[in-house]
> 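Before I ask anything, let me first share the structure, which is written out below as structure tokens.
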Amino acid sequence: MLLLLLGIIVLHVAVLVLLFVSTIVSQWLEGHGHATDLWQNCSISAGNVRHCFSSSTNEWLQSVQATMVLSIIFSVLSLFLFFCQLFTLTKGGRFYITGIFQILAGLCVMSAASIYTVRHSEWHLYSDYSYGFAYILAWVAFPLALLSGVIYVILRKRE
Amino acid sequence: MAPGAPWSSPSPVLAVLLFFSLVLCPAQAIVVYTDREVHGAVGSRVTLHCSFWSSEWVSDDISFTWRYQPEGGRDAISIFHYAKGQPYIDEVGTFKERIQWVGDPRWKDGSIVIHNLDYSDNGTFTCDVKNPPDIVGKTSKVTLYVFEKVPTRYGVVLGAVIGGVLGGVLLLLLLFYLVRYCWLRRQAALQRRLSAMEKGRFHKPGKDSSKRGRQTPVLYAMLDHSRSTKAASEKKSKGLGESRKDKK
């Protein structure tokens, strides 16, 4: 019983960490000596000098930033609500609110990653690029968040 | 002050006059306010606002003048003038038939509208207001930027998405809890009516409770509590009565 609780909390924290890293590190797109998005556009020029500029002010990039931030907010709220519900829920009750918020967080990450995939060519002009690790982490966080949310919804409180 | 007395301190009359002149009649100057910069899209129209503050009442001789200095140019040309209640619009220059007077001296507003913007309209516009006898003052400049498409400031979309989604989710949650609270209250009222009707009978709602879901434990606990307190109070009164009898 305690093992299950620990496992659920570890999964939730892992999702949170993935979301944080994916949002904060600006490496959604990378290429030869340059890495860009979500917040910065850094490149290493000749002479090993690293220049960093702000990312584009394109509306689609802003919506990607917004949905990533929203997913973090929902996931944190979900963790907080989980602990609240752990002590206040009646016996046999389900963690609906916690599950709903975690599922919302998962949907937000999915929409952010999707919007980015479709629209990223609007604001960068690189010809040689590949998706960075932060982008991959966002896609990994999506099914984990959904799984975590569904587990909360079907879980029942005992003792 | 007695005549013939030595001049020891400045005359109080002079001091009073100075005080009144400084406080009641402040420095006569007119202050003009405009925006600092204005953005417009090619082909659309833009409003150049101009307002002022004057220590005198708005007179009939009030005059507004708009001057235009092209970007990179050195000279400013006059493009609009308003005097004695009559606006005079540029009919020969680059702003021919494009300026419209939308100001009103009574509301201290000297704004104009420029229609059908073009890239050549980039530059600085100066608003000059003269309100006789208050004619000394600083003018104010507004810079016009003409874009192909007016860009929205960074962060507008970001803030709107975050605020909108959070607000929507919060609203939905509030609505849901409100509906649930009202429904619970109705359930509690119905239960009370039911228990009142079956008063005296020790009725146990056995199989029904599991069907009603999560809410029933709370209500069931309430009924239990009320019955238990009633029994406890009865026992207490009985106990006291007996002890009194024993004492006697």
Side-chain angles (χ1 to χ4, degrees), chain A residues 23 37-41 53-78 80-81 84-85 88-112 115-116 119 122-123 155-158, chain B residues 37 39-41 145 147-185 187-188 191 205-226 228:
Chain A
T23 307
D37 292 333
L38 288 169
W39 309 99
Q40 273 187 343
N41 184 348
F53 303 101
S54 264
S55 274
S56 151
T57 59
N58 188 300
E59 291 91 21
W60 291 110
L61 183 60
Q62 282 185 50
S63 67
V64 172
Q65 292 167 339
T67 37
M68 285 305 291
V69 170
L70 271 172
S71 74
I72 289 183
I73 291 175
F74 284 138
S75 198
V76 168
L77 272 174
S78 166
F80 173 70
L81 283 168
C84 273
Q85 286 200 298
T88 65
L89 210 57
T90 54
K91 178 178 165 182
R94 282 182 161 150
F95 297 87
Y96 282 126
I97 302 278
T98 307
I100 285 176
F101 271 87
Q102 187 75 331
I103 289 175
L104 269 174
L107 289 175
C108 281
V109 191
M110 184 206 68
S111 58
I115 295 175
Y116 189 83
R119 295 275 175 179
E122 262 187 31
W123 62 79
L155 199 73
R156 271 191 199 268
K157 187 184 176 195
R158 294 212 198 142
Chain B
E37 45 178 66
H39 299 243
Y145 293 102
F147 296 103
E148 186 186 301
K149 189 181 76 160
V150 184
T152 46
R153 280 199 341 259
Y154 173 70
V156 170
V157 176
L158 188 70
V161 171
I162 291 182
V165 173
L166 272 179
V169 166
L170 239 86
L171 212 76
L172 279 169
L173 230 74
L174 241 92
L175 228 80
F176 170 75
Y177 272 114
L178 204 78
V179 166
R180 207 174 83 129
Y181 172 70
C182 289
W183 194 71
L184 276 177
R185 267 223 335 226
Q187 282 281 85
Q191 280 278 48
K207 288 179 192 164
D208 294 345
S209 60
S210 58
K211 280 187 193 166
R212 279 194 217 114
R214 257 200 304 132
Q215 293 85 8
T216 316
V218 181
L219 300 173
Y220 192 62
M222 264 170 51
L223 286 170
D224 262 342
H225 182 73
S226 62
S228 66

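Naming: A, B, ... by sequence-line order, numbering from 1 per chain. Basis for what follows: all heavy atoms, side chains included, without hydrogens, waters or symmetry-related copies.
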> At a 4.5 Å cut-off on heavy atoms, which part of V156(B) comes close to chain A: side chain, backbone, both, or neither?
backbone
> Check the angle between the aromatic planes of H39(B) and Y145(B) and answer parallel, tilted or perpendicular using the 30° and 60° thresholds.
tilted
> Mind checking the CZ-CZ spacing from R180(B) to F176(B)? Nearest 0.5 Å is all I need.
5.5 Å
> Establish, yes or no, whether a centroid distance under 6.0 Å links the rings of Y116(A) and W123(A).
yes
> For Q65(A) and L38(A), work out which heavy atoms get closest and say how close.
NE2-O, 2.7 Å
> Could you grab the distance from atom CG of L81(A) to atom CZ of F95(A), nearest 0.5 Å is fine?
11.5 Å
> Taking everything shown except W60(A) itself, do over 12 heavy atoms lie less than 6.0 Å from its CH2?
no
> Under a 4.5 Å cutoff for heavy-atom pairs, which residue among T67(A), L70(A), V69(A), L61(A) has the most contacts with chain B?
L70(A)
> Looking at CD of E59(A) and CD of Q62(A), how far apart are the two atoms once the value is rounded to the nearest 0.5 Å?
6.5 Å
> Taking only heavy atoms into account, what residues of residues 98-105 of chain A are found under 4.5 Å from chain B?
F101(A), L104(A)
